[in-house]
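Being a predicted model, the structure only gives us computed values, none of them experimental. First listed ligand is number 1; within each ligand, the first listed atom is number 1. As a basis for the values below, the full set of heavy atoms in this structure was taken, side chains included, without hydrogen atoms, waters or symmetry mates.
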Amino acid sequence: MTDAPSAAAATAPAQRPYSPGLEGIVAATTALGFVDGAAGRLLYRGYRIGDLVEHGTYSAVANLLWTGDWDPAHRLPTTAVPAAVLATLRALPRTAKPMDALRTAVSVWGATQVLAWPPTPEQARALTAFSPSALAAFARLRQGLEPIEPDPSLDLVPGFLYQLTGEAPDASTARALDAYFIVGAEHSLNASTFTARVITSTRSDMASAVTGAIGALKGPLHGGAPSEVVEQIHEVSSPEDAERWVRDTLARGDRLMGFGHRVYRAYDPRAAALRKVAESMDHKPDWLQLAIAVEDVALRVLAEKHPERALKTNVEYYAAPVLMGVGLTPDLFPATFAVARHAGWTAHIIEQAADNRIIRPDAIYTGPTERDLPA
Ligand code: ACO
């Protein structure tokens, strides 16, 4: 590895195109996730997200992302939380954000492991199986409850719910959260995944890369907002009230949460998959039918107000009833999303390492010209 400029970088940065936020810049190749915003398609290694939700589990999807092999019977039970991590989680204030607790847990976990270069699917498995246990442990500790040991007979998602509640979930509940984990597993080169790849490109280890990725996902511009969807739906009193509420909300200049997307111009395929799951849940929230009525009106009114821009339902809209329906509290939503995204992050980490070049863009210098220190 050398610091010599490549042919592309031989000209001064000020002479090259500058793209704030790297928007439109191609910065990697990937065989993992394909996001087709125009057609509303999301593929993991070529497989449609709707088919993966229907026929797979999160464990099988994670294995697909890591290895390229589709084995629908693949299992990945959660694993025990090392003592050093548990001691750290116990030391955190109960008021700590679950996202901060998870980020800290992954960092401490990394200090308990030997994570050799290059990162491997085995490392990805170990980290992905650890994080649900760590999040569940913190969720209990902050309520004054003791953490629950993993049950190796349960696969990752039902195991996570068991460690949260102390009861193995029914099949419909486990299935619904599994679907959420599958749609959350991977979404190409978003900010947190890019963060993970940047950290990996220095030959740092997988725990460091995922710790950084969680930090990036924590920001409100990235992490999504299913809890805000829940709050908004509760402002609507009945299906008949939906039209008034949608129009009043837009007239105030507020946004309808769960609609619009930076990349998708068509109906988000993850929303379509989660809507089916939400409707088939045994314990769906009582406001699901109201949400469906609000969606119909919102799509119609958004099309009327923004004929120039397709504003469709995004994944957060139907993540909200699924996450509420499985019994998670809204303050656990962002960290649960982070746990689900482990599969994609770690797959990108492995992919980055396999064809590595340190990620080191340039900046246009806008400071003072060369000058002498004041005497
Ligand atoms: N409700 C009302 N109007 C909207 C919405 C919305 N949800 N989304 C976009 N618009 C309007 C904007 O007001 C803007 O109109 P204007 O040009 O008259 O000002 C126009 O559409 C374009 O908006 P942008 O912000 O430029 O669109 P962008 O594609 O950058 O935004 C975003 C995408 C941030 C997701 C936006 O649609 C939004 O704020 N949605 C609501 C929040 C939400 O659902 N977040 C979750 C996203 S999914 C995820 O993160 C996994």
Residues D268 and K312 bridged, charged N to O under 4.0 Å: no
T249 heavy atom under 4.0 Å from ligand 1: no
Heavy-atom side-chain proximity of W117 to N356 below 4.5 angstrom: yes
Enumerated ligand 1 atoms positioned under 4.0 Å from heavy atoms of G258: 43 (C), 44 (O)
Whether Y365 side chain and P368 backbone form a donor-acceptor pair below 3.5 Å: yes
Per-atom contacts of ligand 1 with L250, taking only distances under 4.0 Å to non-hydrogen atoms: 2 (C)
Sub-4.0 Å heavy-atom approach of Q232 to ligand 1: no
4.0 Å protein heavy-atom contact status of atom 27 (O) of ligand 1, strictly under: yes
Under-4.0 Å heavy-atom contact with ligand 1, by part of R309 that carries it: side chain
Atoms of ligand 1, numbered as shown, that sit under 4.0 Å from any heavy atom of E316: 46 (C), 48 (S), 49 (C), 50 (O), 51 (C)
Ligand 1 versus K312: contacting region, heavy-atom distance under 4.0 Å: neither
Residue portion contacting ligand 1 (non-hydrogen atoms closer than 4.0 Å) for K305: neither
Residue part near ligand 1, for D268, under 4.0 Å between non-hydrogen atoms: neither
Numbered atoms of ligand 1 (with element) below 4.0 Å of G260, judged on heavy atoms: 35 (C), 37 (O)
Is_contact(atom 17 (O) of ligand 1), protein non-hydrogen, under 4.0 Å: no
Minimal non-hydrogen separation, P147 against L86, with atom names: CG-CD1, 3.9 Å
V229 and ligand 1 - part of the residue with a heavy-atom distance under 4.0 Å: neither
Nearest candidate to atom 15 (O) of ligand 1, where distance is taken over non-hydrogen atoms, out of H222, M257, H306, E308: H306
Closest heavy-atom pair and its distance - A27, L189: CB-CD2, 4.2 Å
Ring pair (Phe, Tyr, Trp, His ring centres under 6.0 Å) assessment of W345 paired with H342: CA-CA 5 Å; W345 286 333; H342 271 50; 5.6 Å; yes
Region of R262 engaging ligand 1 - heavy atom pairs below 4.0 Å: both
For atom 36 (C) of ligand 1, closest protein heavy-atom neighbour: R255 NH1, 3.4 Å
Those atoms of ligand 1 less than 4.0 Å from some heavy atom in R265: 29 (O)
